[in-house]
Amino acid sequence: MNILTTIAQSYYEDYDTYSNTSNGTGADAATTGILVLMFMFIWFIFFIAIYIVFAICLMKIFKKAGVKPWIAWVPFYNSWKLYEIGGQQGFWAVLAIIPIVNLVSAVYLYIAMYHIGKKLGKEDIFVLWAIFLPVVWFIWLAVDTSTWNDKASSAPSLAA
């Protein structure tokens, strides 16, 4: 029993040496909690900023396509309209939250992005921006001076 006590005491002394407090519990948990909350807050702000940029760009693309710009701010509905202006069925936006089905939905999204690029006068290869760097694709189409042309793509128009 003496050897087990010695091992336990040496372990506790090593733990106490590396901890910030004498008992090794209170301040470490508080510090960790604060760091986790700060990390979550920073990510929340980052994602809100990305959503705002995405919505502003989508609003400008919708305006070019003749869709009401406020739709860009409504989650799921904005994706639904993005599919529709690209000539795809809008229900793929809802199906995108289902695992495995979201892979098929992504394919239809890229097809829709291809048709949107064509309707805005872009070359076929422009769809690679949509696939690999969608933020660049959205910003490019939003600030570009191109105009919407329903006849430029083989996708059905929004009116159909």
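Reckoned from all heavy atoms, side chains included, excluding hydrogens, waters and symmetry mates. Index from 1, following the sequence.
- Atom CD1 of I100 is surrounded by 12 or fewer heavy atoms from other residues, nucleotides or ligands within 6.0 Å.
- Residue A96 comes nearest to S105 through the heavy atom pair CB-OG, 3.4 Å, listed as atom of the first residue, atom of the second, then distance.
- Each of V53 and I61 belongs to its own hydrophobic cluster when Ile, Leu, Val, Met, Phe, Trp and Tyr are linked at side-chain heavy-atom distances under 4.5 angstrom.
- Summarising the geometry, atom CG belonging to L133 is positioned 10.5 Å from atom CD1 belonging to I139; distances are rounded to the nearest 0.5 Å.
- Side-chain contact between W137 and I131 is absent, with no heavy-atom pair separated by less than 4.5 Å.
- Contact between M59 and W73 at its shortest, heavy atoms only, is SD-NE1, 3.3 Å.
- Side-chain contact between V67 and I85: present, with at least one pair of heavy atoms (C-beta onward) separated by less than 4.5 Å.
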Set out, in order, the CA-CA distance, both residues' side-chain angles and the distance that settles side chain to side chain contact (heavy atoms under 4.5 Å, CB included) for D124 and K118, then state yes or no. CA-CA 7 Å; D124 294 344; K118 292 298 285 181; 2.9 Å; yes

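- Remark: I125 CD1 is loosely packed, at most 12 non-hydrogen atoms of other residues, nucleotides or ligands lying under 6.0 Å away.
- Considering all non-hydrogen atoms of both residues, S79 and A93 come closest at CB-CB, 3.6 Å.
- In the hydrophobic clustering of ILVMFWY residues, with side-chain heavy atoms under 4.5 Å counting as a link, W43 and L35 come out apart.
- At a cut-off of 3.5 Å, with distance as the only test, a side-chain donor of W80 or E84 sits close to an acceptor on the other residue.
- The shortest heavy-atom contact between I71 and K81 is CG2-CG, 3.7 Å.
- Grouping the Ile, Leu, Val, Met, Phe, Trp and Tyr side chains by contacts below 4.5 angstrom, directly or via other members, places I52 with I45.
- The hydrophobic clustering, which links ILVMFWY residues whose side-chain heavy atoms are closer than 4.5 Å, places V135 and F126 apart.
- To the nearest 0.5 Å, atoms CG (D28) and OG1 (T32) are separated by 6.0 Å.
- Among the candidates W129, Y51, F62, F54, the single residue satisfying the ring pair (Phe, Tyr, Trp, His ring centres under 6.0 Å) test with F138 is F54.
- I48 and I56 fall within a single hydrophobic cluster, where Ile, Leu, Val, Met, Phe, Trp and Tyr side chains are chained together by heavy-atom contacts under 4.5 Å.
- Counting heavy atoms of neighbouring residues, nucleotides and ligands inside a 6.0 Å radius, atom CZ of F91 exceeds 12 of them.
- Here W92 and Y108 bring their ring centres to under 6.0 angstrom of each other.
- Closest non-hydrogen pair, A112 versus L82, comes out as CB-O, 4.1 Å.
- How far CG of L109 is from CE of M113: 4.5 Å, rounded to the nearest 0.5 Å.
- Taking each heavy atom of K64 and L141 in turn, the nearest pair found is NZ-O, 2.6 Å.
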